[in-house]
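See structure below.
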Amino acid sequence: HLKALADANINECEQLLSTSLYDLCHILDVSVAEACELVQVVSRDSCPLAKTVLQMKYDSSELGQARFLRTRIPALDAVLRGGLFCGSMCEVAGRAGAGKTQFCMSCCVEANVPREEGGLGGSVLFFDVERSFDAQRLLELARHRFPGVFRSDESLRELASSVHVVNVSAADELLEKLLQADDLIADRNVRLVIVDSMAALVRRD
């Protein structure tokens, strides 16, 4: 069956699972029952098993990974039970001038702070739609919030080199760059991805 699937340009589980039963029967020259059985086997073996929250907490602790990105806003961190949950998607909303971009830049700094200091110890991928990213402001925030961590010019240079800013102007361009970002995320130890902002993309489209 592998050769028949390869000849049909079906090389990944996702491709097989998105192929209709009729097409699978035709490609593999099998019955509907056999095609159904194949789909069930691939689904079972390729889909991750469900985990309880307790198991997720245990796995995270075992790997020594931070579970939250703290905002350093005490009331907000308290409501969020620690901060922004790692591995999740978060939307920050507010009126113009409310401080959304500054909040994002603060998170950039927090993500770069070493884990032993409560940060994530990684890099950031920042998609700047509004063209409002201010590198000087980022460094000022770092000095002000973490004077013990960013006390030297060298540490500030390391921070600046760990925030990768990508300018985008349309939704399809953002999607394309996101799909191409896997290597950068893996090679540069990216721990936070920011889009500032989705609303600007909607307005432009």
Other residues, nucleotides and ligands only: do more than 12 of their heavy atoms fall within 6.0 Å of [atom1] on [X]?
X	atom1	answer
Leu179	CG	yes
Glu14	CD	no
Asp29	CG	no
Glu91	CD	no
Gln15	CD	yes

Say whether, by atom type as modelled, one donor and one acceptor occur between the side chain of [X] and the main chain of [Y] under 3.5 angstrom.
X	Y	result
Lys100	Gly94	yes
Asn189	Gly121	yes
Asp128	Ser132	yes

Practice problem: Show your reasoning for whether side chain to side chain contact (heavy atoms under 4.5 Å, CB included) applies to Val30 and Leu24. | Solution: CA-CA 8 Å; Val30 296; Leu24 283 177; 5.8 Å; no
Are Leu175 and Val166 in one and the same hydrophobic cluster, where Ile, Leu, Val, Met, Phe, Trp and Tyr link if side-chain heavy atoms are under 4.5 Å apart?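 No, no single cluster joins them.
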Handout entry: Single-linkage hydrophobic cluster Val32~Leu38, side-chain heavy atoms < 4.5 angstrom
Key =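 No, Val32 and Leu38 fall in different hydrophobic clusters.
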Excluding sequence neighbours, so at least two apart, what forms side chain to side chain contact (heavy atoms under 4.5 Å, CB included) with Gln102?
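Applying side chain to side chain contact (heavy atoms under 4.5 Å, CB included) to Gln102 gives Ser106, Arg137, Leu141.
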**OP:** Kindly write out the residues that satisfy side chain to side chain contact (heavy atoms under 4.5 Å, CB included) with Ala8, not counting sequence neighbours, or none if the list is empty.
**Re:**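 Only Ile10, Ile27 meet the side chain to side chain contact (heavy atoms under 4.5 Å, CB included) criterion with Ala8.
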Evaluate the ring planes of Phe150 and Phe146, with Trp represented by its six-membered ring, and classify them as parallel (under 30°), tilted (30 to 60°) or perpendicular (over 60°).
->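 Plane angle over 60°, so perpendicular.
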Going from [atom1] on [X] to [atom2] on [Y], what distance comes out if it is rounded to the nearest 0.5 angstrom?
X	Y	atom1	atom2	result
Lys177	Asp172	NZ	CG	11.0 Å
Met105	Leu139	CE	CG	10.0 Å
Asn167	Glu130	CG	CD	12.0 Å
Phe127	Asp196	CZ	CG	12.5 Å
Cys108	Phe103	SG	CZ	11.0 Å
Arg188	Leu125	CZ	CG	10.5 Å

Working for side chain to side chain contact (heavy atoms under 4.5 Å, CB included), residues Met198 and Leu174
CA-CA 10 Å; Met198 293 301 297; Leu174 172 63; 4.0 Å; yes
Using side chain to side chain donor-acceptor pair (under 3.5 Å) as the criterion, list what pairs up with Ser152, not counting sequence neighbours.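 Side chain to side chain donor-acceptor pair (under 3.5 Å) check on Ser152 returns Ser155.
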Shortest non-hydrogen contact from [X] to [Y]?
X	Y	answer
Ala35	Cys25	CB-SG, 3.8 Å
Ala111	Leu69	N-CD1, 3.8 Å
Ala4	Leu28	CB-CD2, 3.9 Å
Gly122	Ser162	O-OG, 4.5 Å
Pro147	His144	CD-O, 3.7 Å

What residues form a ring pair (Phe, Tyr, Trp, His ring centres under 6.0 Å) with Phe133, not counting sequence neighbours?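 Residues passing ring pair (Phe, Tyr, Trp, His ring centres under 6.0 Å) with Phe133: Phe126.
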Report task. Before accepting this row, confirm whether a basic side-chain N of the pair Asp153/Arg157 lies closer than 4.0 Å to the acidic partner's carboxylate O. Result ->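 Salt bridge: no.
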Enumerate donor-acceptor pairs with a distance under 3.5 Å from any side-chain N or O in residues 78-88 to protein atoms, sequence neighbours excluded.
from: Arg81; atom 1: NH1; to: Ala78; atom 2: O; distance (Å): 3.2
from: Ser88; atom 1: OG; to: Phe85; atom 2: O; distance (Å): 2.5

Close side-chain approach of [X] and [Y], heavy atoms under 4.5 Å:
X	Y	answer
Asn112	Val163	no
Glu154	Glu158	yes
Val39	Leu17	yes

If you look only at distance, which donor and acceptor atoms sit under 3.5 Å apart when one is on a side chain in residues 70-77 and the other is two or more places apart or in another chain?
from: Thr71; atom 1: OG1; to: Ile73; atom 2: N; distance (Å): 3.1
from: Thr71; atom 1: OG1; to: Asp77; atom 2: OD1; distance (Å): 2.8
from: Arg72; atom 1: NE; to: Glu110; atom 2: OE1; distance (Å): 2.8
from: Arg72; atom 1: NE; to: Glu110; atom 2: OE2; distance (Å): 3.2
from: Arg72; atom 1: NH2; to: Glu110; atom 2: OE2; distance (Å): 2.9
from: Arg72; atom 1: NH2; to: Glu117; atom 2: O; distance (Å): 3.4
from: Asp77; atom 1: OD1; to: Thr71; atom 2: N; distance (Å): 3.0
from: Asp77; atom 1: OD2; to: Thr71; atom 2: N; distance (Å): 3.4
from: Asp77; atom 1: OD2; to: Arg72; atom 2: N; distance (Å): 3.0

*asked:* Show, in sequence, the C-alpha distance, side-chain angles and deciding distance for Ser197 and Val129, and conclude whether the side chain to side chain contact (heavy atoms under 4.5 Å, CB included) test is met.
replied: CA-CA 6 Å; Ser197 66; Val129 182; 5.6 Å; no
